[in-house]
Amino acid sequence: MFQRFKFLFLASIGITQLFPLVCKAQSKPNIVIIYTDDLGVGDISANGASKVNTPNIDRIANQGLRFTKAYATGATCTPSRFSLLTGKYAWRKAGTNIAPGDAALIIPTNEETMPKMLQKAGYQTAVVGKWHLGLGPAGGPNWNSDIKPGPLEVGFNYSFIMPATGDRVPCVYMENHRIVDLDPADPITVSYKEKIGNEPTGKENPELLKLNYSHGHDATIVNGVSRIGWMTGGKKARWIDEDMADVFTGRAVNFIEKNAKNRFFLYFATQDIHVPRVPHSRFVGKSGMGARGDAILQLDWTVGEVLKTLDRLKIADNTLLIFTSDNGAVVDDGYEDKAVELLNGHTPSGILRGGKYSAFEGGTNIPMLVSWPAKIKSGTVSNALFSQIDIYASLAALAERKINSQDSRNSLSTLFGGKTNREFIIQQAVNSTLGIIQGKWKYISPGPGPAVNPQVNIELGNNMNPQLYNLKNDVGERNNLAEQNPEILKKLIAKLESVKNY
Ligand code: NG6
Ligand code: CA
């Protein structure tokens, strides 16, 4: 009798000790966001690309969920990233358009953010890769001392980043508050106004380039590639573009390994497939599509390394993985990398009109794959409307944290494969033109601006007249139905105005 009692007693302790652990582990998974740069809906084989093969990326879709109607909030990098991390539409805040490489930090340090919220929920948080949200106080950073505020001040425990973009100076890595490998005897200066120092530039010394620019990108030459902006110094610290995927992937894998036993959040913002596309030699020529296709293969390799790491550490089942892009596709974004000539029938934006920068769907309708083997059914396709603005509130719900956000809504059920709970989606084009989707209808507000950006060969969607498209049977946005549907037009305009005014 006593023995039996003792057994039950011990068993019940075991159960009560075990259960909270199991439940907690399942309700608060590790979170990895792989945020790619300029990847279009048509760029992955999971979405039907046949000229390029992305088996590792496709594995996320196979073991989870593939969205067909997921949206970045902006058609360029900085606004989309600002919205992702703050849950706030970038157009509510001045100074959130494409940031120069010497911009001050644009996320106020007293603002609640996704990484801060997750820290409070017990997560170790890291950003690895492209930042492009400014650094330092008003006036911009001093590159030669502690650079702050930056990622650590907005909620990351660890940061290993490129300050802006691959095509913007300074071309150096930054770890936490410091430039990596900076020699104090060779300090860095940066200018976006005029040439400084006497280093060669793409404009003056094109014979020194290993990759010619097609437009813009004619300032300081680093590693044989001329960039936007001028820099001097920091010679030992300068990156080698060919090694960048290995460097970032290595840091991302390290962070996962170090935190495999903690609860962690990794925001892994790849430099691929943004220009300059200078992949490692092991990918060069492998896609048959030039540097852009090779960069897609490199990106796929990166994703494979992350997946392998999660498998090896046996934490894949309990990791929520979100793979998506900051804006739509662009082919010639300023370098003669043969992306246009070698496209070979590949359609980076699928059947969508426009691309990066555009108010048309090609600007913000982006690839998005989500997996969490312990929770999400494998091989699911979701046609539900989803906006990246909701990732913040959804992760807050997952982490059981209360947040106060006017724009971000809890769409966790959609993220797990359920129907949409988005009444509308708002899109921001490069010139801040706003569009709104409600149900099957999409409205693009009228405004000045060229119809096409001839340099990148993308239709921007600018029009002095209001545009209204029925995305259900015209996802290519060919028939402007504004005149035929004044009531619907009125409704969408009113909705957009009301969101702008909250
Ligand atoms: C543009 C650059 C383009 C790219 C973009 C930002 C020129 C002519 N074009 O101004 O190459 O850097 O800014 O891209 O300079 S994003 O994905 O980071 O938003
Ligand atoms: Ca981008």
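Index from 1, following the sequence. Counting starts at 1 for both ligands and their atoms, following the listed order.
- Interface atoms of ligand 1 facing Asn327, defined by a heavy-atom separation under 4.0 Å, are 17 (O).
- Atoms of ligand 1 lying under 4.0 Å from at least one heavy atom of Thr165, given by number and element, are 18 (O).
- Taking OG1 of Thr201 as the reference point, atom CH2 of Trp230 lies at 8.5 Å (rounded to 0.5 Å).
- A distance of 8.5 Å separates CG in Asn30 from CD1 in Ile256, rounded to the nearest 0.5 Å.
- Listed by atom number, the atoms of ligand 1 under 4.0 Å from Asp167 heavy atoms are 3 (C), 4 (C), 11 (O), 12 (O).
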As a quick check of understanding, evaluate side-chain hydrogen bond (donor to acceptor under 3.5 Å, both in side chains) for Thr433 and Ser445, giving each step before the final call. CA-CA 7 Å; Thr433 293; Ser445 41; 5.6 Å; no
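- Those atoms of ligand 1 that come under 4.0 Å of a heavy atom in Asp37, given as number and element, are 17 (O).
- Close contacts of ligand 1 with Lys356, meaning ligand atoms under 4.0 Å from a residue heavy atom, involve 4 (C), 5 (C), 6 (C), 14 (O), 16 (S), 17 (O).
- Each of Arg92, Lys88, Lys93 was compared with Glu111 under the salt bridge (Lys or Arg N to Asp or Glu O under 4.0 Å) criterion, and only Lys88 meets it.
- A ring-centre distance under 6.0 Å is not found for Phe248 and Phe268.
- If you look at His132 next to ligand 1, the close heavy atoms, those under 4.0 Å, all belong to the side chain.
- Not a single heavy atom of Gln455 sits less than 4.0 Å from an atom of ligand 1.
- Excluding waters, the set of protein N, O or S atoms lying under 3.0 Å from the Ca ion (ligand 2) comprises Asp37 OD1, Asp38 OD1, Asp326 OD1, Asp326 OD2, Asn327 OD1.
- With rounding to the nearest 0.5 Å, the separation of NZ in Lys51 from CG in Asn344 is 4.5 Å.
- Taking every heavy atom of His217 and a limit of under 4.0 angstrom, the matching atoms of ligand 1 come to 7 (C), 9 (N), 11 (O), 15 (O).
- With atom 11 (O) of ligand 1 as the reference point, the heavy atom nearest to it among Asp218, Val456, Asp333 is part of Asp333.
- Of all atoms in ligand 1, listed by their number and element, those nearer than 4.0 Å to a heavy atom of Thr76 are 19 (O).
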Step-by-step salt bridge (charged side-chain N to carboxylate O under 4.0 Å, His left out) determination, Lys210 to Asp241: CA-CA 12 Å; Lys210 66 180 173 198; Asp241 305 76; 5.6 Å; no
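- Close contacts between ligand 1 and Cys77 involve ligand atoms 16 (S), 17 (O), 18 (O), 19 (O) [criterion: under 4.0 Å to a heavy atom].
- Checked for salt-bridge contact, Asp333 and Arg277 miss the test: no charged N lies under 4.0 Å from a carboxylate O.
- Taking 4.5 Å as the limit, every side-chain heavy atom of Tyr89 sits out of range of all side-chain heavy atoms of Gln428.
- Of the inter-residue distances, the one linking Thr324 atom OG1 with Asn327 atom CG reads 10.0 Å to the nearest 0.5 angstrom.
- Contacts between Tyr357 and ligand 1, counted as non-hydrogen atom pairs separated by less than 4.0 Å, involve the side chain only.
- The 12-atom threshold is not exceeded at NZ of Lys338, counting heavy atoms of other residues, nucleotides or ligands nearer than 6.0 Å.
- Considering each of His274, Arg81, His215, the one bringing a non-hydrogen atom nearest atom 8 (C) of ligand 1 is His215.
- Neither side chain, Asp218 nor Ser226, offers a donor N or O lying under 3.5 Å from an acceptor on the other.
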